[in-house]
There are 2 protein chains.
Amino acid sequence: MKLQRDLFLGFVKIHILYHASQEEVSGVWLSTELKRHGYAISPGTLYPTLRKLEKDSYLTSSGRVEQGHRRIYYRTTARGKKALEKARHQAHELIDEIEEWE
Amino acid sequence: MKLQRDLFLGFVKIHILYHASQEEVSGVWLSTELKRHGYAISPGTLYPTLRKLEKDSYLTSSGRVEQGHRRIYYRTTARGKKALEKARHQAHELIDEIEEWE
DNA sequence: TAGGCTAATATCGCTTAGCGATATCAGGAT
DNA sequence: ATCCTGATATCGCTAAGCGATATTAGCCTA
């Protein structure tokens, strides 16, 4: 895998957990949102990732039809929120460590 | 893979790039340092990772003997530093996004 | 100087993630 | 009914991650 992806796939998942903790989010919406943050994530990665997160109880889903299109909306579970908390903490820790001070 | 690892392996690599940009670091040293930061990373992951980073020109290595033991020291290359810069930026971006404000 | 000891690094074998490309699927329009 | 479009799913391959185990280099002891 290319390093750039490799370094940031974790970031992407944290973004997902965060957004789904704030509101219901669909795959497409996430796709655009992530692009906005500089992450190009293909459907072949995104959708399996969402399902995996759901399978592992970090997300729950509910499908429905909107504007003539089937959509699946995700929300972060309690377990996911706990993971998100940990991620916040680790991210701060990382920044504190690697920050340049000069 | 367990989510906890999954989310943070990128963090680990960023740590590595950072430390090796500050000073020469060996596998063992990194192992202890990472543990200090809460990352339990096994030799079966760490050493292949270092070699991979070297192979992809993010690190350079130089082996030598110290206190009776063979060690391999790594330093971050220009390319690695560039990746590190990007990582700093993305990490800030992540924090700004997922931070709780209440 | 052969043998064994220890610490550092490397490899093996397996499972599973990531991903580009392609397929499927539901609803709306004609 | 058929076609179109946009959202989600699957396939097939490559390679990452990892626990367990092996290897390696130098030191020590007698």
Side-chain angles (χ1 to χ4, degrees), chain A residues 1-17 19-20 24-35 38-75 83, chain B residues 1-17 19-20 24-35 38-75 83:
Chain A
M1 201 187 334
K2 289 181 59 186
L3 181 66
Q4 218 227 301
R5 255 174 217 301
D6 203 7
L7 288 184
F8 300 129
L9 257 181
F11 285 35
V12 166
K13 290 179 188 170
I14 296 172
H15 266 283
I16 293 175
L17 288 179
H19 287 300
E24 284 197 329
V25 293
S26 68
V28 202
W29 186 87
L30 279 172
S31 176
T32 339
E33 175 68 11
L34 290 170
K35 204 168 294 163
Y39 305 106
I41 188 141
S42 88
T45 302
L46 181 58
Y47 291 103
T49 295
L50 291 173
R51 297 212 148 271
K52 178 92 190 340
L53 287 173
E54 180 178 12
K55 180 164 154 280
D56 295 345
S57 305
Y58 294 94
L59 296 177
T60 46
S61 75
S62 82
R64 103 171 71 106
V65 170
E66 203 150 283
Q67 285 152 243
H69 292 289
R70 150 168 145 276
R71 289 214 175 134
I72 301 180
Y73 287 90
Y74 291 92
R75 298 244 43 183
Chain B
M1 200 188 334
K2 289 181 60 188
L3 182 65
Q4 219 229 296
R5 257 177 215 300
D6 203 7
L7 289 184
F8 300 128
L9 255 182
F11 285 34
V12 165
K13 290 178 188 170
I14 296 171
H15 266 283
I16 292 175
L17 288 178
H19 286 300
E24 285 197 328
V25 294
S26 68
V28 203
W29 186 87
L30 280 172
S31 176
T32 339
E33 175 67 9
L34 289 170
K35 204 166 294 164
Y39 304 105
I41 187 143
S42 89
T45 301
L46 182 58
Y47 290 103
T49 295
L50 291 172
R51 297 211 149 271
K52 179 92 190 340
L53 286 173
E54 180 178 14
K55 180 163 155 282
D56 295 346
S57 305
Y58 294 94
L59 295 177
T60 47
S61 75
S62 83
R64 104 170 70 107
V65 170
E66 204 149 284
Q67 285 153 241
H69 292 290
R70 150 168 145 274
R71 291 215 174 133
I72 300 180
Y73 287 91
Y74 291 94
R75 297 243 45 181

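No hydrogens, no waters, no symmetry mates; every other heavy atom, side chains included, goes into these values. In what follows, chains carry the letters A, B, and so on, assigned in the order in which the sequence lines appear, proteins first and then strands, with residues in each chain numbered from 1. Model, not experiment: these values are computed from the prediction.
For the residue pair B:Y39 and B:E33, no side-chain donor N or O sits within less than 3.5 Å of a side-chain acceptor on the partner.
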Query raised in the report: Could you walk me through whether B:E24 and B:R71 pass the salt bridge (Lys or Arg N to Asp or Glu O under 4.0 Å) check?
Result: CA-CA 11 Å; B:E24 285 197 328; B:R71 291 215 174 133; over 6 Å; no

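Straight-line distance from the CD atom of B:E66 to the P atom of D:dA25: 18 Å, rounded to whole Å. Separating the CZ atom of B:R64 from the P atom of D:dG26 is a distance of 14 Å, rounded to the nearest angstrom. Rounded to whole angstrom, the span from the CZ atom of A:F8 across to the P atom of D:dA16 amounts to 17 Å. In this structure, A:Y58 places its OH atom 12 Å from P of C:dA17, rounding to the nearest Å. Between the CG atom of A:L46 and the C1' atom of C:dG20 there is a distance of 14 Å, given to the nearest Å. The separation between B:L30 atom CG and C:dT9 atom C1' is 13 Å, rounded to whole Å. In this structure, the OH atom of A:Y39 is 14 Å from the P atom of C:dC19, given to the nearest Å. Rounded to whole angstrom, the span from the CD1 atom of A:I16 across to the C1' atom of C:dA17 amounts to 14 Å.
Within the 4.5 Å cutoff, the side chain of A:Y58 has heavy atoms near those of the B:L3 side chain. A:R51 is listed as a side-chain neighbour of A:I72, based on a closest heavy-atom distance under 4.5 Å. Residues A:L30 and A:L50 meet the side-chain proximity criterion, which asks for heavy atoms closer than 4.5 Å. Under the 4.5 Å side-chain criterion, counting only non-hydrogen atoms from C-beta, A:L59 is not in contact with A:R75. At least one side-chain heavy atom of A:L46 sits less than 4.5 Å from a side-chain heavy atom of A:I16. A:L9 places none of its side-chain heavy atoms less than 4.5 Å from the side chain of B:L7.
Here B:R5 does not reach the OP1 or OP2 of D:dG17: none of its side-chain N or O atoms lies under 4.0 Å away. Between B:T45 and D:dC18, a side-chain N or O to OP1/OP2 separation shorter than 4.0 Å is present. Here B:K13 reaches the OP1 or OP2 of D:dG17: one of its side-chain N or O atoms lies under 4.0 Å away.
Computed from C1' positions of five pairs at each end, the angle between the two local axes of the helix from C:dT1-D:dA30 to C:dT30-D:dA1 equals 10°, rounded to 10 degrees.
Looking at B:K52 and B:D56, a side-chain N of the basic residue comes within less than 4.0 Å of a carboxylate O on the acidic one, giving a salt bridge.
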So which protein N/O to nucleotides 4-8 of chain D N/O distances come out below 3.5 Å?
{"residue": "D:dA7", "atom": "OP1", "partner": "A:R71", "partner atom": "NH2", "Å": "3.1"}
{"residue": "D:dA7", "atom": "O3'", "partner": "A:R70", "partner atom": "O", "Å": "3.1"}
{"residue": "D:dT8", "atom": "OP1", "partner": "A:I72", "partner atom": "N", "Å": "2.8"}
{"residue": "D:dT8", "atom": "OP2", "partner": "A:V28", "partner atom": "N", "Å": "2.9"}
{"residue": "D:dT8", "atom": "OP2", "partner": "A:Y47", "partner atom": "OH", "Å": "2.7"}

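Summary of the strand contacts: B:S42 and B:K52 both lie near DNA chain D, and taking for each the nucleotide with the nearest heavy atom, the more 5' one is attributed to B:K52.
As judged by a 4.0 angstrom heavy-atom cut-off over every strand, B:L9 is placed among residues touching the sugar-phosphate backbone only.
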